[in-house]
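One structure below.
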Protein chains: 2
Amino acid sequence: MSTDQLKQQQQGVKTLQAIQSEVENINRIALSVDCVIFGFDENKLKVLLIKSDLKKYLGKWSLLGDLVFPNEDLDAAAYRVLKQRTGLSDVFLEQVHTFGTVSRHPAGRVVTVAYYSLINVQHHKLNTLDNELHWHDVKSINNMAFDHQQIFDTCLKQLQKRVQEHPLGFNLLPRKFSLRELQNLYEAILDFKMDRRNFRKKFFSMDFLIDLKEMEQDVPHRPGKLYRFNFEKYEKKKKKFIGIDF
Amino acid sequence: MSTDQLKQQQQGVKTLQAIQSEVENINRIALSVDCVIFGFDENKLKVLLIKSDLKKYLGKWSLLGDLVFPNEDLDAAAYRVLKQRTGLSDVFLEQVHTFGTVSRHPAGRVVTVAYYSLINVQHHKLNTLDNELHWHDVKSINNMAFDHQQIFDTCLKQLQKRVQEHPLGFNLLPRKFSLRELQNLYEAILDFKMDRRNFRKKFFSMDFLIDLKEMEQDVPHRPGKLYRFNFEKYEKKKKKFIGIDF
DNA sequence: AATATAATGTGTTTAATTTACACATTAAAT
DNA sequence: ATTTAATGTGTAAATTAAACACATTATATT
């Protein structure tokens with residue numbers, strides 16, 4: 001062993017060969033993704049959960065996830081889970097946090113990367129055969145399987161924070177929506193009531209709403225105007241801010 | 001195969017046995033942590049890097065990281081790297097993002113979880129034998145090994161964002177500091193100049209500074225007052241906000 | 001057909017926060 | 001004794017956020 005190698009070993013520096021050996025044989029760990037899939041329906045924020053089929057967690061609900069394949073990009077695994085469970089592509093998906101305590105999973109050491117996703121519930125139909133999948137009010141869920149309650153709480157907080165920084169909420173709405181629906185959405189996500197006039201002022205001043213010159217149909221009161229979100233304009237604006245974590 | 005099992009297979013639902021098998025034998029992946037270790041010295045924000053010893057990246061700098069052991073909590077692995085490289089315990093450490101493209105590492109498939117850490121450079125002495133370790137000005141680094149430039153950029157942005165939400169900067173300063181040093185720190189992190197009077201006003205109004213009734217020594221101008229950060233008060237305040245992502 | 005109902009649509013005033021800005025003071029260096 | 005280079009301090013202006021009320025419209029009711 002050369003002086004250099006000795007020094008490297010003392011310092012914990014590793015050669016490529018040593019690393020390859022460790023990567024291939026020694027230190028591999030099962031890695032999964034878990035998706036907190038949010039939807040908005042009946043003026044409530046919902047999350048898509050599946051009934052756990054593990055004895056230990058019988059009857060409890062868990063997030064939708066799966067192991068990451070050895071040849072699959074991490075984000076791709078999350079999109080795969082989403083696609084498999086909702087049939088949807090091109091949805092909003094953001095990584096939140098990686099949970100990696102040794103004891104978090106009953107089937108052995110599994111590190112999981114948590115994502116949250118925002119989908120338009122109108123665009124998707126749950127497989128009606130798949131009665132293990134259910135939309136839950138976020139306000140009523142507790143006591144989930146594994147450490148999924150913690151993961152869910154973390155993702156909900158992330159959503160609440162992000163939605164106050166960027167107009168993500170539109171991903172949860174149908175293409176056409178009224179300002180009341182938009183406000184209901186924000187109140188459901190953030191769990192507090194807002195001033196109607198200030199809310200409208202704020203969104204109009206952001207200038208991302210396109211007036212569709214249409215009115216709501218079949219509402220039991222004076223119908224409101226319908227708008228759509230100007231995704232194109234928002235994407236342009238985002239590009240200008242690249243580098244400032246926009 | 002029962003109807004139930006058939007249905008589960010169709011739906012991608014797995015039994016505990018199937019999961020255990022996958023966890024143990026099939027889908028394991030090498031997992032590493034990488035630490036962006038920030039320091040503050042000579043009024044500049046610094047990052048601790050090591051010279052890459054891989055041929056492919058010869059002469060390039062890389063972050064400090066290591067593979068996660070199969071029996072080691074994820075956060076523990078990051079603390080281990082920190083301790084090994086700086087000798088420090090009880091330092092600020094936050095997980096930022098997990099990088100998981102298949103091709104990111106030359107030694108095979110390695111998913112890495114990125115952390116950033118804030119340390120007081122006065123509290124640590126680099127092993128002088130370890131001439132592969134160096135503090136770099138964050139402004140001058142580019143072209144790092146692997147995808148470490150991207151990881152670094154992501155962590156720096158996270159720091160810049162966090163430091164505007166919470167008083168993390170104190171972790172980078174000596175126990176006693178002047179307001180000018182504090183402002184220099186924030187200007188170094190955020191990379192813009194601030195108004196001196198407004199800066200002082202802001203920090204005094206946060207009420208986390210303890211006046212030590214001492215003055216700077218050995219400065220070539222009128223010495224400023226010395227303060228220390230009231231970590232205890234901050235921790236108390238944080239507790240009140242648990243649940244609001246404080 | 002007239003009336004009641006329940007929501008939409010719209011501006012202004014006040015309060016709070018952020019920004020801009022100048023001069024006397026102090027200790028060290030000359 | 002003078003110069004220098006920083007510290008320490010307050011107020012006014014501008015911007016942003018919060019509070020708040022009434023006329024209008026379509027539906028539902030009588």
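Chain letters run A, B, ... following the sequence lines, proteins first and then strands; every chain starts at 1.
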Exercise. Can you list the steps and then say if Asp147(A) with Arg104(A) is a salt bridge (Lys or Arg N to Asp or Glu O under 4.0 Å)?
Worked result: CA-CA 6 Å; Asp147(A) 55 354; Arg104(A) 60 168 293 279; 2.7 Å; yes

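Atom CD in Gln183(B) sits about 13 Å away from atom C1' in dA6(D), given to the nearest Å. Per the geometry, CZ belonging to Phe204(A) stands 18 Å off P belonging to dA17(D), to the nearest Å. The CZ atom of Phe199(A) sits 15 Å away from the P atom of dT10(C) (whole-angstrom rounding). Atoms CG (Asp195(A)) and P (dA17(D)) sit 14 Å apart, rounded to a whole Å. When rounded to the nearest whole Å, the span between NZ of Lys202(B) and P of dG8(D) equals 20 Å. Computed from coordinates, the Lys193(B) NZ to dT19(C) P distance equals 17 Å when rounded to whole Å. Separating the CZ atom of Arg222(A) from the P atom of dT25(D) is a distance of 6 Å, rounded to the nearest angstrom. The separation between Asn184(A) atom CG and dA7(C) atom P is 11 Å, rounded to whole Å.
Here Arg196(B) does not reach the OP1 or OP2 of dG8(D): none of its side-chain N or O atoms lies under 4.0 Å away. OP1 or OP2 of dG8(D) sits under 4.0 Å from a side-chain N or O of Arg200(B).
Donor-acceptor pairing under 3.5 Å, judged by distance alone, is absent between the side chain of Lys201(B) and the base of dT9(D).
Comparing dG8(D), dA6(D), dC21(C) by their nearest atom to the side chain of Lys225(B) picks out dG8(D). Closest to the side chain of Asn198(B), from the set dT8(C), dG10(D), dA26(D), is dG10(D).
If you check every strand for non-hydrogen atoms under 4.0 Å, Arg197(B) touches a base.
For the salt bridge (charged side-chain N to carboxylate O under 4.0 Å, His left out) test with Asp207(B), the passing option among Lys233(B), Lys237(B), Lys201(B), Lys236(B) is Lys233(B); the others fail. Between Tyr186(B) and the options Phe203(B), Phe192(B), Phe177(B), a ring pair (Phe, Tyr, Trp, His ring centres under 6.0 Å) holds for only Phe203(B).
The distance between the ring centers of Tyr227(B) and Phe170(B) does not fall below 6.0 angstrom.
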